Amino acid sequence: SSYEDTDLWDRCLTRSLPIVPGPYNNNIEIVQTATHVAIIHEMIHDVRIVPLDGRPHLPASVTSYMGDSRGHWEGSTLVVETKNLNGMTGVGGNGGGRTSGGLTITERFTMLDANTLQYTATIDDPGTWTRPWTLSFPWKREPVYGMFEYACHEGNYAMRNMLSASRAAEAS
């Protein structure tokens with residue numbers, strides 16, 4: 001057993017996509033400029049910088065855990081399409097499972113009222129599922145609840161303990 005056998009959350013690398021609520025640190029902050037949107041996730045402090053200027057996606061050979069996101073507006077809905085995920089991430093709680101390199105996630109962010117944003121994500125990965133599927137839920141604005149620091153490794157003995165337990169199990 002190796003650290004590579006643990007999931008991306010345990011390794012504090014990413015929470016990945018789509019954005020689904022977890023047990024804690026679920027705050028999202030969206031910052032918009034004229035040319036970009038930044039989507040900041042409190043858990044593990046994932047940040048995506050999404051160009052809105054119509055530029056094409058990066059070549060398919062350029063992959064990463066969070067992929068390559070491009071955005072545009074459809075009326076009052078921000079649409080973000082993400083491709084080029086590296087296939088090492090999962091979709092769903094705790095990044096469970098793996099996906100193929102052909103995953104495309106299309107997210108829609110729509111303000112329903114001053115305090116409610118509807119989040120919808122369509123998962124299209126022909127190498128993993130037989131057809132695209134969609135999840136959707138509202139996010140409520142919490143004006144008194146701010147973004148907190150997420151210090152994944154600071155004083156965290158989990159990885160050391162998991163690996164030492166694996167070495168002890170192997171030795172016996």
Side-chain angles (χ1 to χ4, degrees), residues 1-22 25-110 117-137 139 147 149-154 156 159 163:
S1 177
S2 154
Y3 70 92
E4 292 180 333
D5 296 325
T6 62
D7 64 43
L8 299 175
W9 281 21
D10 285 338
R11 293 167 55 196
C12 300
L13 294 177
T14 183
R15 190 168 178 160
S16 195
L17 295 173
I19 303 169
V20 293
N25 289 101
N26 288 305
N27 289 320
I28 304 294
E29 184 175 7
I30 300 173
V31 179
Q32 178 183 345
T33 71
T35 60
H36 292 78
V37 170
I39 304 170
I40 304 132
H41 200 175
E42 183 178 48
M43 176 67 81
I44 308 182
H45 294 299
D46 283 332
V47 179
R48 282 187 290 158
I49 307 297
V50 182
L52 301 173
D53 58 8
R55 71 180 72 176
H57 282 279
L58 295 172
S61 61
V62 179
T63 65
S64 70
Y65 289 115
M66 294 297 283
D68 178 49
S69 297
R70 297 292 184 258
H72 66 275
W73 290 95
E74 291 180 3
S76 61
T77 298
L78 172 63
V79 179
V80 177
E81 181 184 72
T82 303
K83 296 181 173 203
N84 299 8
L85 288 111
N86 62 13
M88 298 175 73
T89 59
V91 173
N94 211 23
R98 296 256 172 118
T99 56
S100 80
L103 173 64
T104 297
I105 299 175
T106 304
E107 300 165 290
R108 295 179 182 281
F109 301 82
T110 307
L117 183 138
Q118 186 68 34
Y119 176 76
T120 303
T122 299
I123 314 311
D124 187 2
D125 186 359
T128 305
W129 292 284
T130 57
R131 66 181 182 273
W133 56 277
T134 300
L135 61 89
S136 184
F137 50 85
W139 282 334
M147 194 76 76
E149 176 185 8
Y150 184 79
C152 195
H153 283 291
E154 195 171 303
N156 180 357
M159 186 61 65
L163 293 174

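Just so you know, these numbers come straight off a predicted model, no measurement behind them.
Contacts of P56 classified as side-chain contact (heavy atoms from CB on, under 4.5 Å), with partners at least two apart in sequence or in another chain: none. The ring-ring contact (aromatic ring centres under 6.0 Å, His included) search around F109 returns Y119, not counting sequence neighbours. Legend: residues meeting side-chain contact (heavy atoms from CB on, under 4.5 Å) with D46, ordered by chain and number and at least two apart, are T14, R15, H41, I44, M66. Legend: residues meeting side-chain contact (heavy atoms from CB on, under 4.5 Å) with T128, ordered by chain and number and at least two apart, are T99, S100, D125. Applying the salt bridge (Lys or Arg N to Asp or Glu O under 4.0 Å) criterion to D68, with sequence neighbours excluded, gives R70.
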Please lay out, stage by stage, how W73 and L78 fare under the test side-chain contact (heavy atoms from CB on, under 4.5 Å).
CA-CA 5 Å; W73 290 95; L78 172 63; 3.7 Å; yes
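Closest non-hydrogen pair, V50 versus S69, comes out as CG2-CB, 3.9 Å. P59 and N84 get closest at one heavy-atom pair: O-ND2, 3.0 Å.
Checking each of L103, T106, L17 against I123 for a side-chain contact (heavy atoms from CB on, under 4.5 Å) leaves exactly one that passes, namely L103.
Counting only residues at least two apart or in different chains, salt bridge (charged side-chain N to carboxylate O under 4.0 Å, His left out) contacts with residues 101-110 comprise R48-E107, E74-R108. Within the structure, salt bridge (charged side-chain N to carboxylate O under 4.0 Å, His left out) contacts touching residues 51-64 (residues at least two apart or in different chains) are D53-R55. Residue pairs meeting the side-chain hydrogen bond (donor to acceptor under 3.5 Å, both in side chains) criterion with at least one partner in residues 27-38, sequence neighbours excluded, are N27-E42.
The shortest distance between side-chain heavy atoms of L85 and Y65 does not fall below 4.5 Å. When side chains are defined from C-beta on, I39 counts as touching I19, because their heavy atoms get closer than 4.5 Å. Inter-residue side-chain proximity for T120 and T134 is flagged as met; some heavy-atom pair is nearer than 4.5 Å.
Judged purely by distance below 3.5 Å, without hydrogens or angles, the side chains of E81 and T104 never pair a donor atom with an acceptor atom.
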